[in-house]
Amino acid sequence: MEELNSRYNSKEVEDRMYAFWQSENLFAAKVNPDKKPFCIVIPPPNVTGILHMGHALNNTYQDILIRLRRMQGFESLWMPGTDHAGIATQNVVERQLAKEGLKRQDLGRDKFLERVWQWKEQYGSTIIRQLKKLGASSDWQRVRFTMDEEYSQSVKEVFVALWNKGLIYQDDKIINWCPRCQTALSDEEAAHREVQGNLYYIRYSLKEEIRNSKFEIRDKSQIENHTSQNYIVVATTRPETMVGDTAVALNPKDERYKHLIGKTVIVPLIEREIKIIADELIDMEFGTGLVKVTPAHDSNDYEMGKRHTLEFINIMHPNAVLNTNAGDYNGLDRFEAREAIIEDLKERKLIEKIEPHTHAVGHCYRCSTVIEPYLSRQWFVKMEPLAKPAIEAVKDGRINFYPKRWAKVYLNWMENIRDWCISRQIWWGHRLPVYYCKECLKTGSQCKVESVKCKEKGIIVAKVKPQKCPDCGGGDIYQDEDVLDTWFSSWLWPFATFYWPFNTKDEACLPARQGRRMKDEKDLNYFYPTSVLVTAPEIIFFWVARMIMAGFEFMGKEPFKDVYIHGTVRDVEGKKMSKSLGNIIDPLEIIEKYGTDALRFSLISITASGQDVFLSEQKFEVGRNFANKLWNASRFSLMNLDLSLVNVDLCVLFEKEDLELPERWILSRFYSMLSALNKALDNYRFNDAANILYEFVWHEFCDWYIELAKPNLVSGLAGERVSGESKNTQIVLYKVLEKTLRCLHPFMPFITEEIWQKLSLTSLVPRPPSFVSIMTQPWPHVQKKIIDKKAESQMQLAIEVITAIRNLKAEVKIAPAQAVKVMLIAKDKEVKSALDTVASYITNLGRVEALTIQGAPAKLKKGISAIVHEVQVFLELEGLLDIDQEIERLTKEADALAGSLKSKESRLKNKDFLKKAPEEIVEKEKESLAQGQEKLASLQRVISELKK
RNA sequence: GGGCGAUUGGCUCAGUUGGUUAGAGCGUCACAUUCACAUUGUGGAGGUCACAGGUUCGAAUCCUGUAUCGCCCACCA
């Protein structure tokens, strides 16, 4: 027996316990044919990441599932790792360089990459350390990084395979360009945000009309139609792009302007002549219905440019500074150029009007710079063929989203999928396995080598750099400068983490792998498809959808069966937590102040399934208080247990011994709770699960069972003779506590382990190896035999009578602990005998000094009454009573009751109700009416007696 | 423009397939405290479930519409 401190000290426990788990190697998973696999791959946090509440929530869910399934007998693997996060990490290191007054170009590519690796070595494991603080039971021996050499091998394999299938291509397109990061981005990486801008109406002169000098006539309809004899008006939000205009477009159906098609206008300021063209794309309703066309700087305009063979004029440098094509505006930043052009147009009276206009503008998801639609040559993945099986799998239920509604979001995106721009003009990342032969590029024409399917002569796609060109045999070969989108490696995570592929021919580059290959392949076959993916909604497109596509393409199977999408963590005002808003609640600070278990339990219990959670620091008190409650209940138990007694089989005990009511009751309640808990967990209803446990531990085990058990325990303590009752009480107290700890363990791993070890270490000497940790204990099974509805209803009667007594005391301001005289008057003999069974508990917990139970109405002394079920609870009082007040109180209650009974009566007189409602509902209603009437009669009897 | 989510006591939220008197935590008020726990115990007050229609014997729950807030998607310059 051991004395525990009266407060749970999380700091003292957590690090010690985590180290213990690791030293016992309890997180490791391996192929085990005797067990079913359960596997989760972690959404790899950015290697630059530091733990925020989103991570805390996300990883707590995963850890709960992993620990739960492990206890349920699955071989449970949580694959950990980090993502190299191309742009984000490059930005971090560039910022570090900037402090030394350096740019990455000053170092050169190789030296810069050395710096990034250095940075990674130094800081890259921060997030992993923090996940450990959270209690994460990942198999750390397997920790992966998306830039590991083996992982790169997977990436290359995939690139080459897709290329060979014709699903990767290079093309000139308008892509999302970040002028600050100076790289292309995918459509998903362009975050659209509403921006308050202007719509500028600008006059373009008609060349023919100027020549004819018919300026002066301008009739009313022309003014309304934004045209004049000598100019037209176009509307634009981006006037700076006009220097790149190569046409003006209108809808061919637009009666207002039909006559203008084919005419020539002059772009103001740079005085370029351009044609007026007709294109279906133009919306007649918007602006003036006349649109300036800038094919090199807008994706719609680009399409039109191709259709009408317009000139593509690039007006910008990659950093969004205008180039020589911009004439006088050469050298100005795009936004400066906008101002300057507006000024110049105003001066020349070429602006008709300026209207405020809000529209969605793309921003770089890494640095928030406004994205520029930019024409450039990039690499793309053709997505439609990949999407097909991924759509089917969700439609036919091989993959399930929880909550369901996210499947719709997923399908909608997948069914309208666009090609994926995968090349990035940065240095940190997987370099494209694309090589160029200088010689062949020079000579041009179609490539002869069939196997590499290159469209253009001189392009070689291969996992390893070729020594010489397979086409011309030349040796002057260089690699493409670009790297791949980070997500092009992440989408392989569910199988690349198992060192896929295994049949690579390029063994020379990975000698270290040879011995491991068999084992790795077995691992993958065993754990893939993984069981569930846990993530936040914002990465469904980035990652979840793409993993599903890659899973089918390369493994021929879905990568996971369930996708659990949880909410976003927000601050009290509903804003996303972010550093820039300064509204962060740091999980590590919470751990420091409240403890990891408190953090985990609070987060889970307040986050409804799939709903966003609005967080404030105060909410962590819930978990802290609960941990402390559990701690003290355990402390009490340990102080009162003779642990040599408790090592018996519960089911045997239950069958052999005639257990007392409180024991039968709490066991029944425990298994009822367990059954509900299992159901909640199977449906990913984590907050329900947490609250079911909370309710049971606090309000049933602590509030009632421990209190009921105290008399037995206190008398059987400290080496004194252990009576039969006390022994059974001890056993049940121990069993329920121990099993409850197991149920709580996935949620609160540290405190449950600490208590459990104190319980089991002392009780089992010598301990079998399986008793090392609560982690490896089996999850309790529901014992249906032990669920005892009769015991539950008997106890319920006692609880309600006790509550009534406490109520009456509060009514007349008697302290709860003060002993009183109570008489219970039962309706009949049956009820009386039920009361007799629970009399001792009522005496005890109601703090009653003299309890009398009557089988029939009796003559009452002075006192106050309450009616519970079929019992009148009468509290005897000496001179404390104001009879009028008591009459008033009871009358009020009777009136309220009469009201509700009236509505019941009328319902039961309603023929439709009797005819249409299910029988059991009608029966229930009748029963409840009868009970209510009984109670009302009792109340009225008491009132009339008082009046005498 | 399309889609999704939310609207329930002072605050934060539960409420599975419609079924007695709508729950919890926090806060608040009263009472208690040598008893495992003040990170506690006991009890009270506090809600016409955003609004308007409809379906139904019966609606917080299902349907239609409205309002407010939030999120995601979209090539109307």
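Note on naming: letters A, B, ... go to the chains in the order of the sequence lines (proteins, then strands), and numbering restarts at 1 for each one.
Across all strands shown, rA24(B) pairs with rU12(B); the Watson-Crick or G-U wobble distances both stay below 3.5 Å. With both pairing distances under 3.5 Å, rC31(B) is matched to rG41(B) as a Watson-Crick or G-U wobble pair.
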Listed pairs, N/O of protein and of nucleotides 17-22 of chain B, under 3.5 Å:
from: rU20(B); atom 1: O2'; to: Lys904(A); atom 2: NZ; distance (Å): 2.8
from: rU20(B); atom 1: O2; to: Lys904(A); atom 2: NZ; distance (Å): 3.1
from: rU20(B); atom 1: O2; to: Ser928(A); atom 2: OG; distance (Å): 2.5

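For Lys915(A) against rC57(B), no side-chain N or O and base N or O form a donor-acceptor pair under 3.5 Å. For a distance-only test at 3.5 Å, the side chain of Lys710(A) qualifies as a donor-acceptor partner of the base of rA36(B). Remark: the Asp912(A) side chain and the rC57(B) base include no donor-acceptor N/O pair separated by less than 3.5 Å.
In this structure, Tyr684(A) and Tyr564(A) have parallel ring planes: the angle between them is below the 30° cut-off, well short of the 60° mark. Using cut-offs of 30° and 60° on the angle between ring planes, the pair His357(A) and His359(A) is tilted. A tilted orientation is assigned to the rings of Trp177(A) and Tyr374(A), their planes being inclined by 30° to 60°.
For Lys629(A) and rG41(B), the shortest distance from a side-chain N or O to OP1 or OP2 is below 4.0 Å. Proximity of His357(A) to the phosphate of rA77(B): a side-chain N or O atom is located under 4.0 Å from OP1 or OP2. For Arg418(A), a side-chain nitrogen or oxygen approaches OP1 or OP2 of rA74(B) to under 4.0 Å. Checking the phosphate oxygens (OP1, OP2) of rG44(B), a side-chain nitrogen or oxygen of Asn807(A) falls inside 4.0 Å. Side-chain N/O atoms of Arg624(A) include none lying less than 4.0 angstrom from OP1 or OP2 on rU39(B).
Across rG44(B), rC37(B), rC4(B), the shortest atom-to-atom separation from the side chain of Ser6(A) is found for rC37(B). When the nucleotides rC37(B), rC57(B), rC31(B) are ranked by their closest atom to the side chain of Ala815(A), rC31(B) comes out on top.
rA52(B) and rA14(B): their P atoms are spaced 24 Å apart (whole Å). Rounded to whole Å, the C1' atom of rC29(B) lies 7 Å from the corresponding atom of rA45(B).
Geometrically, Lys710(A) engages Phe636(A) in a cation-pi contact defined by less than 6.0 Å to the ring centre and at most 45° from the axis.
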